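Read through the structure below, which is laid out as structure tokens, and then see the notes.
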Amino acid sequence: MNRVYVCSCFGVTEKQVKEHADAGACTPRQIASASKAGTDCGSCVRTIQAILGRGTCPRRELLEQGKPALTAGLAELDEAA
């Protein structure tokens with residue numbers, strides 16, 4: 001299996017970052033909270049930003065509506081999308 005590591009400090013792969021993004025993380029800080037990627041040397045933060053892109057962010061939309069984004073369930077994320 002070919003693994004592309006995004007964060008060598010914590011062994012976080014591109015696949016893992018994408019999985020966290022699919023689960024609702026849409027900022028490097030949220031990826032860091034979920035996986036520690038980007039919290040040591042920081043050299044992977046730009047790569048994480050590139051993976052996340054600049055698309056819509058359900059959690060950001062929840063924040064704009066005044067709803068708690070970090071504790072949002074999947075149903076709330078689906079409603080925001």
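Nothing here was measured: the structure is a model prediction, and the numbers come from that model.
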Exercise for the section: Can you see which heavy atom on Pro28 is nearest to which on Val45, and at what distance? Expected result: CB-CG1, 4.1 Å
Handout entry: Atom pair CD1/OG1 of Ile31 and Thr47 - distance to nearest 0.5 Å
Key = 12.5 Å
Exercise for the section: Check the pair Cys44, Val6 against side chain to side chain contact (heavy atoms under 4.5 Å, CB included), reporting the backbone distance first and the verdict last. Expected result: CA-CA 6 Å; Cys44 61; Val6 173; 4.0 Å; yes
Practice task
Measure the OG-CD1 distance between Ser43 and Ile48 for me, rounded to the nearest 0.5 Å.
Solution key: 9.0 Å
Exercise for the section: Can you measure from CZ (Arg3) to NZ (Lys15) and round to the nearest 0.5 angstrom? Expected result: 8.0 Å
Fill in the blank from the handout: Thr13 meets the side-chain hydrogen bond (donor to acceptor under 3.5 Å, both in side chains) criterion, sequence neighbours left out, with Gln16
Handout entry: Ser33 OG to His20 NE2 distance, which is reported to the nearest 0.5 Å
Key = 9.5 Å
Exercise for the section: Measure across Thr39 and Ala32 and return the closest heavy-atom pair with its distance rounded to 0.1 Å. Expected result: CG2-CB, 3.5 Å
Problem - Hphob cluster co-occupancy, Tyr5 + Val17, side-chain heavy atoms under 4.5 angstrom - result: no
Fill in the blank from the handout: Sorted by chain and number, sequence neighbours left out, side-chain hydrogen bond (donor to acceptor under 3.5 Å, both in side chains) with Glu14 holds for Lys18
Practice task
Would you mind reporting whether Phe10 and Asp40 have side-chain heavy atoms less than 4.5 Å apart?
Solution key: yes
Practice task
Tell me, please, which residues at least two apart from Lys36 pass salt bridge (charged side-chain N to carboxylate O under 4.0 Å, His left out).
Solution key: none
